[in-house]
Protein chains: 4
Amino acid sequence: MTQPFTHEILVSWGDCDPAQIVYTGRIPNFCLDAINAFMDAEMGGGWFIQELDHNMGMPFVKMDIDFRAPVTPRHRLACTVRVERLGTKSVTFRVEGHQDGKLCFEGSFTEVFTIADQFKSQEIPGHAREVLEKHLIA
Amino acid sequence: MTQPFTHEILVSWGDCDPAQIVYTGRIPNFCLDAINAFMDAEMGGGWFIQELDHNMGMPFVKMDIDFRAPVTPRHRLACTVRVERLGTKSVTFRVEGHQDGKLCFEGSFTEVFTIADQFKSQEIPGHAREVLEKHLIA
Amino acid sequence: MTQPFTHEILVSWGDCDPAQIVYTGRIPNFCLDAINAFMDAEMGGGWFIQELDHNMGMPFVKMDIDFRAPVTPRHRLACTVRVERLGTKSVTFRVEGHQDGKLCFEGSFTEVFTIADQFKSQEIPGHAREVLEKHLIA
Amino acid sequence: MTQPFTHEILVSWGDCDPAQIVYTGRIPNFCLDAINAFMDAEMGGGWFIQELDHNMGMPFVKMDIDFRAPVTPRHRLACTVRVERLGTKSVTFRVEGHQDGKLCFEGSFTEVFTIADQFKSQEIPGHAREVLEKHLIA
């Protein structure tokens, strides 16, 4: 595998709750933003481009996240995105968030592939599979 | 005018920032939620129904909000929605947020009407105008 | 167990993505809103009140969600909240989202209890345990 | 004035609504993110750092935004942040969002300065005024 793709987030005041740390509900959104950024950088476009230009939908069927340490605006948040499992019709992304060298959260996110305008399952199209294989965890 | 439509919001921990009050960026979203709830209750459906079932789009062209007092989770937030100005092709909503009898914010939100699938301006359709007139501030 | 607590959500246009269904990132936030509403209704206050008035923090350590069917603005979203597992220092909530009688998503959310101003783990305080036991799945 | 500060945003699928453009409620949040990024880059820290480390609060009293053209994920969104008006106790930021060379929205955002732990108005502290003056529109 190549070096894991990393998406950097500037955590803001508005992401934090009165405990002065990032609100739990923001973390899944950070993870999704990281996956979308991965696709933008590696696959020629995020979900929007894939759906509208390639008629390829990628609905989520599952997410699970472990929260290891609080996230704060004191450091950049580095989110790595890798492929944990690659099926014929689905992919599971592994997203890890680090701040200042410390693991803050880690999660798995499974998407299936559809023909977008038919809401019908399909095998992973070639242009997507090629990219996902490069980022598969050994 | 009839009694102003009121949309009640349960303000949450996650809406608040480290200053222990609702984050500024949440307020416009509360206002939009209130307008959508107004349309759901009074016009037979929010923006989603209007756009998909009636081919009526309502893009925003302007918003302005004055923040008068902090919003907190200690009280329900009551958002009233009225019509401030009604043109032939646009409407301006007036949204006010009160907590415990105190005005917390007030704002104006202007939308134009479009034929949704043509992205073309249109005069306000009859089913919408009828409702908006009833809620026009005298 | 008593009848499960149900929190009803008016799904909006702004919750939806270009696929005309609720964006994945909104679902965990709906679940958290439901848990907060449960606490507001059953425990005398949501996380804000618990943290500020009772010095009881409830940070999340884990969430996992299965997405079963799309959520749309066509029906109210009914989120039930029950207690799946009750430890001495942690609770796992079970949240299920239904629309029009159909299961749309289900998830588990684990929180630990802390003395808020010390960021120190604590056993579940009595006023919280009493409520949580009533909602424990048999 | 120096070159205006620019904050770049990767617009995502999740920012868009079923009309395939960014949802109105996201735009004020993009503007706030841009102001926070300005402070992070120019003032040694965003609102979080200012509030917690410098005891300087900056609550908003007013925002107004004109929406000029739709925002989409097809281009990076470039948000410029400048100072429109600088009082003794308040600042008005001017935020403009451009995509592909086209103005998409523009808005004004007024914040007052407080001694954070006293919720009391104060004159703009020196370290902040120095930065804001540099970015004042001539």
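Quick note on labels: first sequence line is chain A, next is B, and so on, each numbered from 1.
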Quiz item: What parts of residues 11-19 of chain C touch chain B if we use heavy atoms and a cut-off under 4.5 Å?
Solution: C/Val11, C/Ser12, C/Trp13, C/Cys16
Quiz item: Which of residues 110-128 of chain C get closer than 4.5 angstrom to chain B, counting heavy atoms alone?
Solution: none
Quiz item: If contact means a heavy atom pair closer than 4.5 Å, which residues of residues 87-106 of chain C contact chain B?
Solution: none
Practice problem: Using heavy atoms and a sub-4.5 Å threshold, report which of residues 24-51 of chain B line up against chain C, by residue number. | Solution: B/Asp33, B/Asn36, B/Ala37, B/Asp40, B/Trp47, B/Phe48, B/Ile49, B/Glu51
